[in-house]
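Here is the structure we will look at, set down as structure tokens.
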Number of protein chains: 2
Amino acid sequence: MKVAMIEDDIELAEILSEYLKKYGIDVTNFDDPYVAISAMRIEDFDALILDLTLPEMDGLDILKKIREFSDIPVIISSARSDLSDKVIGLELGADDYLPKPYDPKELEARLKAITRRRTKPPKEPDFKIYKNRREIHFKSKPLHLTPAEYEVLGYLIEHQNQPVDREELLYACENLSENASEKTIDVIISRIRQKIGDEPKNPRYIQSVRGIGYKFVP
Amino acid sequence: MKVAMIEDDIELAEILSEYLKKYGIDVTNFDDPYVAISAMRIEDFDALILDLTLPEMDGLDILKKIREFSDIPVIISSARSDLSDKVIGLELGADDYLPKPYDPKELEARLKAITRRRTKPPKEPDFKIYKNRREIHFKSKPLHLTPAEYEVLGYLIEHQNQPVDREELLYACENLSENASEKTIDVIISRIRQKIGDEPKNPRYIQSVRGIGYKFVP
DNA sequence: ATCGGCGTTAACCTTTCATTAATATTCGAT
DNA sequence: ATCGAATATTAATGAAAGGTTAACGCCGAT
């Protein structure tokens, strides 16, 4: 297991690294948060141990920055026992909170726990297609879709993550005329977005791919 | 939503309470299991979050005691990642198991999921088919149906929730000619709807599926 | 023969929804 | 920033689908 650590207390960092190495946990410490962030963009770590009490930069800001590009498990460690930090940290997606000083053994246990948990995120998808019912459910509730909307959304979902161009949709959908204008698609997409509450500015599910068409991201 | 929690780590309890309150979940924590049990005999909670690793009393025993008088949904949370605990807990009627440490977001999601699941009281169906008598009863009263109406309604009921297209009905019903106009179906549906008091605008039981036909929803 | 029940069709009205056009907004390259 | 193109949104329209009623005609029972 390869773990990143952001800790400015070099001595503490070394103690922990030594200890964790004995349990097969490889720790790379960064005393400079910015270096850490750059490194994490390139290299893949299994977890991050983040010290909140850093000079120069606030630990929570670092977490926020990291969350912009990674959902790596994060354990926050801090000498501040400030409750609000704890709350904010967990909200930003930290997985655990460890007040200093702590027993290395505990850190090891939590690392193990977190990475174990990571391997089983069984979450219900937001969209489900019930072909035999001719229904699409969104967050467990059926959507009221017109035939064309049903077909378009269904097709996008089945081709999730890949951009589908408008012409393809016109041909794929029974309820769309093949020689209809491609603008028709735009109108239908707009109505679907309204029904699922997707804001076209920064849409969560149906994203427009400029020059091509649309793609569904689950 | 009002939730009870049995957790001896007061600090963790407070974090979770704060977090869940923002999502409209009211948490009452008990650090003493016995107090909790007494309270739950009196007050009505929507769910219980139970920490297994308690002093004095084993969490599983508590669950057993609670099950003697309540079938409240229970989420077990535990630092023990012992599998047998999980099994026993779920056998005793816990609805979910959440290993510590966990993300409050996940707890929230599971709470919502569990209480949503809870709302399904099994009830007597409004329609019953008596094949031998060739009758269909609606709310315990027999309907006066013509042979074709009986067949169509019966077929729809037997294929409940799935849209049945008109052609299929023409073929399935002895009393309908296979080469009759599909409009015939519409007329028969209209008559059935009148007999069961289903308003075609926003129908409760027989819904039209545009481009296909009709579907019966129980 | 005649009658009544019932499936069928025709005619007519209402509703739905894909489509187009028109307008506003956003995006991305320069 | 600026411009042109792509996308978003809204309203209008018209054709198709569904809903309803009345009348027709087939067929078995009287």
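These numbers were taken from a predicted model, which means no experiment stands behind them.
Heavy atoms of Val152(B) sit nowhere under 4.0 angstrom from any nucleic acid atom. Across all strands, Tyr150(B) comes closer than 4.0 Å to no nucleic acid atom at all (heavy-atom distances).
Mapping Gly213(B) and Tyr214(A) onto DNA chain D by nearest heavy atom places Tyr214(A) closer to the 5' end of the strand.
Put simply, CD on Glu151(B) is 13 Å from P on dC6(C), counting in whole angstrom units. Note: CD (Glu149(B)) to P (dT8(C)) measures 12 Å, nearest angstrom.
Checking the phosphate oxygens (OP1, OP2) of dT16(C), no side-chain nitrogen or oxygen of Thr146(A) falls inside 4.0 Å. One finds no side-chain N or O of Lys201(A) lying less than 4.0 angstrom from the OP1 or OP2 phosphate oxygen of dT7(D). Put simply, Arg166(B) has a side-chain N or O that comes within less than 4.0 Å of OP1 or OP2 on dG18(D). A sub-4.0 Å separation between OP1 or OP2 of dG19(D) and a side-chain N or O of Ser208(B) is present.
Within residues 181-200 of chain B, the residues approaching DNA chain C are Ser181(B), Thr184(B), Val187(B), Arg191(B), by heavy-atom distance under 4.0 Å.
Looking only at distances, a side-chain donor or acceptor of Arg204(A) sits under 3.5 Å from a matching main-chain atom of Pro218(A).
Taking 4.0 Å as the cut-off between side-chain N and carboxylate O, Asp186(A) and Lys183(A) do not count as a salt-bridged pair.
Of the listed nucleotides (dG7(C), dT7(D), dT16(C)), dT16(C) has the atom at the smallest distance from the side chain of Arg210(B). Distances from the side chain of Leu176(A) to the nucleotides dC6(C), dA18(C), dT8(C) place dA18(C) closest.
The residue from Lys195(B), Arg191(B), Arg134(B), Arg193(B) that alone fulfils the salt bridge (charged side-chain N to carboxylate O under 4.0 Å, His left out) condition with Glu149(B) is Lys195(B).
Shown here for Tyr205(A) and Lys139(A), the closest heavy-atom pair between the two residues is OH-CE, 3.7 Å. Minimum heavy-atom separation, Pro163(A) to Asn161(A): CD-O, 3.9 Å.
Other residues, nucleotides and ligands place no more than 12 heavy atoms under 6.0 Å from the CG atom of Asn202(B).
Direction of the helix axis in the helix from dA1(C)-dT30(D) to dT30(C)-dA1(D) shifts by 30° between the two five-pair termini, rounded to 10°.
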